[in-house]
Amino acid sequence: MERDSQLELYQAVAARLKEAHTRVRELQVPEGVRMTLSRKLLAITAAAKHDLAGTARRLDRLMKDLDEGRFPEGD
């Protein structure tokens, strides 16, 4: 049963990661901001291999920031 819930979480995180990558790619922001967001998203994606629940939380925070228009400073 635990394996099923882990699989469901994996599928949900994978779908949200795909959505986040699309949103970041389509943002109308300076290139430096997009690059910073892309690096952050890549770090979140890499963390999914080791900490799926933590990845889901980090992804939720990133998506909330995007929804509210809070973007990091660009390099």
Side-chain angles (χ1 to χ4, degrees):
M1 196 58 128
E2 182 179 326
R3 183 159 166 69
D4 290 339
S5 64
Q6 193 73 353
L7 181 58
E8 289 175 16
L9 180 58
Y10 177 80
Q11 290 171 333
V13 168
R16 301 261 344 256
L17 281 168
K18 184 177 179 181
E19 176 189 351
H21 279 277
T22 299
R23 287 185 61 187
V24 167
R25 186 177 57 248
E26 295 175 349
L27 280 175
Q28 300 296 318
V29 295
E31 191 60 27
V33 173
R34 185 183 335 282
M35 293 295 288
T36 300
L37 286 168
S38 292
R39 283 192 299 270
K40 188 175 200 176
L41 194 47
L42 287 174
I44 292 170
T45 302
K49 297 175 188 175
H50 308 286
D51 181 13
L52 197 54
T55 297
R57 288 188 300 273
R58 290 176 65 188
L59 188 54
D60 285 343
R61 284 192 303 268
L62 176 67
M63 296 297 276
K64 184 176 179 185
D65 287 346
L66 292 178
D67 289 343
E68 295 176 1
R70 289 193 307 254
F71 305 118
E73 296 287 323
D75 289 339

One thing to verify: whether Asp60 and Arg16 come together as a salt bridge, which I'm taking to mean a side-chain N less than 4.0 angstrom from a carboxylate O. yes
side-chain contact (heavy atoms from CB on, under 4.5 Å) for Arg23 and Asp67? Distances and angles first, verdict last. CA-CA 10 Å; Arg23 287 185 61 187; Asp67 289 343; 2.8 Å; yes
Over all atoms of both residues, closest heavy-atom pair of Thr45 and Leu17: OG1-CD2, 3.6 Å
What's the shortest heavy-atom distance between Leu9 and Ala56, and which atoms? CD1-CB, 4.3 Å
Are Leu62 and Lys40 close enough that some pair of their side-chain heavy atoms sits under 4.5 Å apart? yes
Among Met63, Arg57, Lys64, whose side chain to side chain contact (heavy atoms under 4.5 Å, CB included) with Arg61 holds? Arg57
Is His50 close to Thr55 at the side-chain level, that is, under 4.5 Å between some pair of heavy atoms? no
Run the side-chain contact (heavy atoms from CB on, under 4.5 Å) check on Glu73 and Val33 step by step: do they pass? CA-CA 6 Å; Glu73 296 287 323; Val33 173; over 6 Å; no
Minimum heavy-atom distance between Leu37 and Phe71, given as atom pair plus value: CD1-CD2, 4.0 Å
Tell me whether Leu42 is reachable from Leu27 by hopping between hydrophobic residues (I, L, V, M, F, W, Y) whose side-chain heavy atoms are closer than 4.5 Å. no
Do you see a donor-acceptor pair shorter than 3.5 Å between the side chains of Ser38 and His21? no
Side chains of Arg34 and Arg25: does their closest heavy-atom pair fall under 4.5 Å? no
Quick check for you: to the nearest 0.5 Å, what is the distance between Leu52 atom CG and Leu7 atom CG? 10.0 Å
